[in-house]
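Lettering follows sequence order; numbering is per chain, from 1.
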Number of protein chains: 2
Amino acid sequence: MPRVSDEHLAARRRQILDAARRCFLRDGFHNTSMQDVIAEAGLSVGAVYRYFPSKNDLITAIAQSVIGGAETVFAELAAADPPLPLAETLDRALAYVDAQTGPDGILRLAIQVWSEAQRDPALAEFVAATYAGFRKHFVAIARRARDAGELPPDADPEAVGAALFGLVPGYFMQRILTGSPDRASYLAGVRALVRRAG
Amino acid sequence: MPRVSDEHLAARRRQILDAARRCFLRDGFHNTSMQDVIAEAGLSVGAVYRYFPSKNDLITAIAQSVIGGAETVFAELAAADPPLPLAETLDRALAYVDAQTGPDGILRLAIQVWSEAQRDPALAEFVAATYAGFRKHFVAIARRARDAGELPPDADPEAVGAALFGLVPGYFMQRILTGSPDRASYLAGVRALVRRAG
DNA sequence: GAGTCAAGAACGAACGTTCGCTTTACACTG
DNA sequence: CAGTGTAAAGCGAACGTTCGTTCTTGACTC
């Protein structure tokens with residue numbers, strides 16, 4: 001199909017990326033061969049290489065979509081009007097984790113992306129920038145919580161935001177590696193730690 | 001060297017494991033070839049294969065030592081007599097993270113191990129059991145903190161332990177992926193969140 | 001001198017990638 | 001509208017490389 005529409009090109013690209021994501025979820029980045037992806041996509045070698053010049057480009061594209069996937073979730077939490085209580089905000093963030101930690105959840109790929117980022121400087125920079133952006137959203141959440149009287153007036157939003165944000169991967173990691181605790185229990189633990197429990 | 005002493009065998013094994021750890025830190029599990037490890041150890045192919053029948057056995061051995069490395073640290077924190085304040089306990093746990101997150105720190109390998117565990121059921125089981133054990137230590141810490149009046153009497157130690165434990169990988173992940181925040185700042189954030197700040 | 005074990009050349013499989021060919025949809029000519 | 005040219009898309013055999021592993025050899029210890 002020469003001289004083909006832009007929609008067709010985008011669809012093909014998506015078709016390859018979807019196939020790659022399935023393969024990577026199943027076998028991991030390095031145990032997936034290009035031939036696996038090509039077979040999964042139902043295309044030919046040349047076709048795939050037309051859209052992605054190397055396996056690394058394919059990995060990078062998937063990695064960026066995986067890491068960036070939470071951006072809108074956190075951004076909306078930070079912009080909620082009126083501001084949500086801290087516990088409610090955290091609950092919603094963890095709900096996203098729950099949703100994306102299932103068998104087909106893209107967060108299962110996140111760990112591989114972190115691993116890859118340790119060896120790919122360009123990817124490392126992207127991950128660092130993206131996660132720093134996430135943390136900024138949590139800093140905003142902390143600032144608004146302080147202004148709403150939910151935190152001591154002298155609390156540093158930068159510091160609280162980092163701690164708050166840390167609770168999210170802390171939950172994710174436990175869930176994906178040990179299978180527990182459930183979200184309600186984790187949240188109850190956070191609540192017991194947080195001052196407003198008193 | 002036939003009919004060799006047990007110490008010699010153990011030393012050889014350690015020599016290979018040390019070489020493997022250096023290689024894995026430098027290049028990652030999958031970008032390290034057996035020949036890399038063999039050259040780093042200064043041995044021959046046959047020698048290494050005598051001690052580790054496959055590359056996977058080598059990876060598993062390294063992975064177990066990396067994941068298990070924190071066991072004594074957390075166990076001691078949980079057994080401290082008299083119990084340490086929560087903030088002090090967390091500070092020491094994070095200090096361990098700091099120490100092992102440097103260029104030669106073994107925690108740099110942890111992310112790769114998590115990644116590997118998603119594809120190796122035996123390793124996954126080991127990781128799950130080890131991390132569940134870590135969490136148990138934090139549950140003990142939470143119980144003792146509650147008994148000491150540092151937490152509300154009705155706080156559930158299981159839940160609080162999970163939240164407390166979650167703060168550790170939450171810090172680790174931010175440090176290793178974004179380079180910030182520093183430990184003091186993270187701890188200040190946690191303190192501002194935690195009731196005793198008031 | 002017999003047995004053991006490190007050494008490293010050699011092996012077969014699998015990898016990512018290249019390249020020349022075929023197919024096909026559109027643009028242009030008359 | 002029919003016929004033709006063209007450029008892009010798709011294809012897949014084949015390449016060179018690298019991998020994890022095996023196997024033969026020879027040196028050394030007891």
Hey, what are the protein-to-nucleotides 14-20 of chain D N/O distances that come in under 3.5 Å?
unit_1: D/dG20; atom_1: OP1; unit_2: B/Lys55; atom_2: NZ; d: 2.6
unit_1: D/dG20; atom_1: OP2; unit_2: B/Met34; atom_2: N; d: 2.9

Give a yes/no on whether any side-chain N or O of [X] is located under 4.0 angstrom from OP1 or OP2 of [N].
X       : N      : result
A/Ser44 : D/dG10 : no
A/Arg12 : D/dA9  : no
B/Tyr51 : C/dA6  : yes

* To do: Answer with yes or no whether the side chains of A/Gln112 and A/His30 bring together a donor and an acceptor at under 3.5 Å.
  =>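 Side chains of A/His30 and A/Gln112: no pair found under 3.5 Å.
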* To do: Might you work through the side-chain contact (heavy atoms from CB on, under 4.5 Å) test for A/Val190 and A/Leu167, ending with a clear yes or no?
  => CA-CA 9 Å; A/Val190 174; A/Leu167 285 166; 4.1 Å; yes
* Asked: Looking at side-chain heavy atoms only, is the closest gap between B/Ile106 and B/Ile62 below 4.5 Å?
  ->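 Counting from C-beta outward, B/Ile106 and B/Ile62 never come under 4.5 Å.
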* To do: Keeping to residues at least two apart or across chains, list the side chain to side chain donor-acceptor pair (under 3.5 Å) pairs with something in residues 37-47 of chain B.
  =>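 Non-adjacent pairs meeting side chain to side chain donor-acceptor pair (under 3.5 Å): B/Arg22-B/Glu40, B/Arg26-B/Glu40.
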* Residue pairs passing the side chain to side chain donor-acceptor pair (under 3.5 Å) test where at least one lies in residues 60-79 of chain B, sequence neighbours excluded ->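 Passing the test, one end in residues 60-79 of chain B: B/Glu71-B/His137.
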* Distance in angstrom units between B/Ile38 CD1 and C/dG8 P, rounded ->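 After rounding, the gap between these two atoms is 11 Å.
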* **Interatomic distance where CZ belongs to B/Phe52 and P belongs to D/dT21 [whole Å]** =>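 Checked: the CZ to P distance equals 13 Å.
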* To do: Would you sketch DNA chain C in dot-bracket for me? Only Watson-Crick or G-U wobble pairs with both distances under 3.5 Å count, crossing pairs as [ ], other-strand pairs as |, the rest as dots.
  => ||||||||||||||||||||||||||||||
* **All side-chain hydrogen bond (donor to acceptor under 3.5 Å, both in side chains) counterparts of A/Asp57, not counting sequence neighbours** =>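 Expected list: A/Ser54.
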* To do: Working to the nearest 0.5 Å, report the span between OG1 of B/Thr130 and CZ of B/Arg135.
  =>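 Spacing of OG1 (B/Thr130) from CZ (B/Arg135) equals 12.0 Å.
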* Test ring pair (Phe, Tyr, Trp, His ring centres under 6.0 Å) applied to B/Phe134 - qualifying residues, sequence neighbours left out ->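 Applying ring pair (Phe, Tyr, Trp, His ring centres under 6.0 Å) to B/Phe134 gives B/Phe74, B/Tyr131.
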